[in-house]
Amino acid sequence: MAHPVKSSRPQPAAQRLKVRRQLAAAAMELFTTRGYEATTVDEIAAAAGVARRTFFRHFRSKEEAIFPDHDDTLERARAVLEAATPGENPVDTICRGIKEVMRMYTASPAVSVERYRLTREVPALREREIASVARYERLFTRYLLSRFDEDSPNGDEPLLAEVAASSVVTAHNHVLRRWLRAGGEGDVAAELDHAFAIVRRTFGTLPAFTGRAPGAEPRTTAGGGQVLVTVASTDAPLPELMRTIERALQQHG
């Protein structure tokens, strides 16, 4: 008796991601063995078994080729924000959203560690990584701006949204770098939760995100919005960074 044959052909999205990952693996291998500058797009395409035009369907340049998953991860993070319940603190929501980025890295620890090494050695790859991170920060900033309490405007909402979103991303990247430097070893999930607890203590109870207490008067800012500038070493421990930001916000208020 003949059995129906199940199609094993990947769906278009799955096929797209498969090719992107093949190109990424080929690029990393060539960058490691030949060097970034000596490697061409044609060589990456050939190593992945695809045509040059196929490469450019997936990536605009060779430095993009070792980051195949950021587009899809950004969409997963966006889906987390869109599915949030109305009562959830928006700072908690963006903390959940950026966990999609950590899942991307921890899904393939060896690849992530090697990619981290390459980005430290090649400025063009480091710049591409920074650009990718900025996309998450913009997504979270826009989300926070959309969730402010409209009944208590104080003029500082754009500032608070940018600082809070940046702090969530900074906390994530701080934990991620430590994990990568440790060779992908350690309980990164627990460390990330600890880092987010620090962020929540700083921003999670701000009236701008939680709504005013009953009877409280909204704060007003004369002369339009202001810019907050604070200085901290990027090598400082995360709690120290967050205390610096918190002190600056308190002084600003």
For this session: Apply side chain to side chain contact (heavy atoms under 4.5 Å, CB included) to the pair D69 and R21, showing each step before the final yes or no.
Result: CA-CA 8 Å; D69 298 330; R21 287 176 174 171; 3.2 Å; yes

Exercise. Do other residues, nucleotides or ligands put more than 12 heavy atoms under 6.0 Å from R178 CZ?
Worked result: no

Exercise. What heavy-atom pair brings A195 and A171 nearest, and what distance separates the two atoms?
Worked result: CB-CB, 4.0 Å

For this session: Could you check R76 against D72 for side chain to side chain contact (heavy atoms under 4.5 Å, CB included), going step by step and ending with a plain yes or no?
Result: CA-CA 6 Å; R76 289 198 300 274; D72 295 297; 4.0 Å; yes

For this session: Return the set of residues passing ring-ring contact (aromatic ring centres under 6.0 Å, His included) with F59 (not counting sequence neighbours), or none when no residue passes.
Result: F55

Exercise. In Å, rounded to the nearest 0.5 Å, how long is the span from OG1 of T73 to CZ of R78?
Worked result: 12.0 Å

Exercise. Atom CG of N173 and atom CZ of R177: how far apart are they, to the nearest 0.5 Å?
Worked result: 5.5 Å

Seminar exercise, completed: In this structure, OG1 of T119 is separated from CD of E63 (nearest 0.5 Å) by 13.0 Å

Exercise. Looking at T141, I94, D92, which hits side-chain contact (heavy atoms from CB on, under 4.5 Å) with V168?
Worked result: I94

Considering only distance and modelled atom types, tabulate donor-acceptor pairs under 3.5 Å from the side chains of residues 109-118, sequence neighbours left out.
from	atom 1	to	atom 2	distance (Å)
S112	OG	Y105	O	2.7
S112	OG	S108	O	3.1
E114	OE1	R117	NE	3.3
E114	OE2	T32	OG1	3.0
E114	OE2	R117	NE	3.2
E114	OE2	R117	NH2	2.5
R115	NH1	I66	O	2.8
Y116	OH	R181	NE	2.9
R117	NH1	E121	OE1	2.9
R117	NH1	E121	OE2	2.7

Exercise. Are F196 and H172 an aromatic pair by the rule of ring centers under 6.0 Å?
Worked result: no

Exercise. So which heavy atom on A38 is nearest to which on E43, and how close?
Worked result: O-OE1, 3.5 Å

Exercise. If only atom types and distance count, is the side chain of W179 paired as donor or acceptor with the main-chain N or O of V188 below 3.5 Å?
Worked result: no

Problem set entry | Gap between atom CD1 of I130 and atom CZ of R135 - 0.5 Å precision | 15.0 Å

Seminar exercise, completed: Residue set satisfying salt bridge (Lys or Arg N to Asp or Glu O under 4.0 Å) with K99, at least two apart, ordered chain then number -> D193

Exercise. Mind checking whether V199 and V80 sit in one hydrophobic cluster, side chains of I, L, V, M, F, W, Y counted as touching below 4.5 Å?
Worked result: no

Exercise. Checking K62 side chain against T39 main chain: does a donor-acceptor pair fall under 3.5 Å?
Worked result: yes

Exercise. When you check the gap from the basic side-chain N to the acidic O, do D71 and R20 get nearer than 4.0 Å?
Worked result: yes

For this session: State plainly whether the residues E129 and R120 are in salt-bridge range, i.e. N to O under 4.0 Å.
Result: yes

Exercise. Between T54 and V50, is there a donor-acceptor pair closer than 3.5 Å when you use the side chain of the first and the backbone of the second?
Worked result: no

Problem set entry | Check ion pair E29-R34 (N to O, under 4.0 angstrom) | no

Exercise. Is there a chain of hydrophobic side chains (I, L, V, M, F, W, Y, each step under 4.5 Å between heavy atoms) that links V122 to L180?
Worked result: no

Exercise. What distance separates L81 CG from L139 CG, expressed to the nearest 0.5 Å?
Worked result: 5.0 Å

Exercise. Can you name the nearest heavy-atom pair linking P86 to R147, along with the distance?
Worked result: O-NH2, 2.9 Å

For this session: Ignoring hydrogens and angles, state whether a donor on the side chain of R103 or T106 is under 3.5 Å from an acceptor on the partner side chain.
Result: no

For this session: Could you grab the distance from atom CZ of F203 to atom CG of L144, nearest 0.5 Å is fine?
Result: 10.0 Å

Exercise. Are F67 and V101 linked, directly or through other ILVMFWY residues, by side chains that come within less than 4.5 angstrom of each other?
Worked result: no

Seminar exercise, completed: Sequence neighbours excluded, the answer for ring-ring contact (aromatic ring centres under 6.0 Å, His included) partners of Y143 is none

Exercise. Taking all atoms of both residues into account, what is the closest heavy-atom pair of L17 and P68, and its distance?
Worked result: CD1-O, 4.1 Å

Exercise. Listed by chain and number, what are the ring-ring contact (aromatic ring centres under 6.0 Å, His included) partners of H58, not counting sequence neighbours?
Worked result: none

Exercise. So which heavy atom on L23 is nearest to which on A45, and how close?
Worked result: CD2-CA, 4.2 Å

Problem set entry | E88 and T93: side chain donor to acceptor below 3.5 Å | yes

Exercise. Who are the ring-ring contact (aromatic ring centres under 6.0 Å, His included) partners of Y36, not counting sequence neighbours?
Worked result: F31

Exercise. What pair of heavy atoms forms the shortest contact from E137 to S166, and how long is it?
Worked result: OE2-CB, 3.4 Å

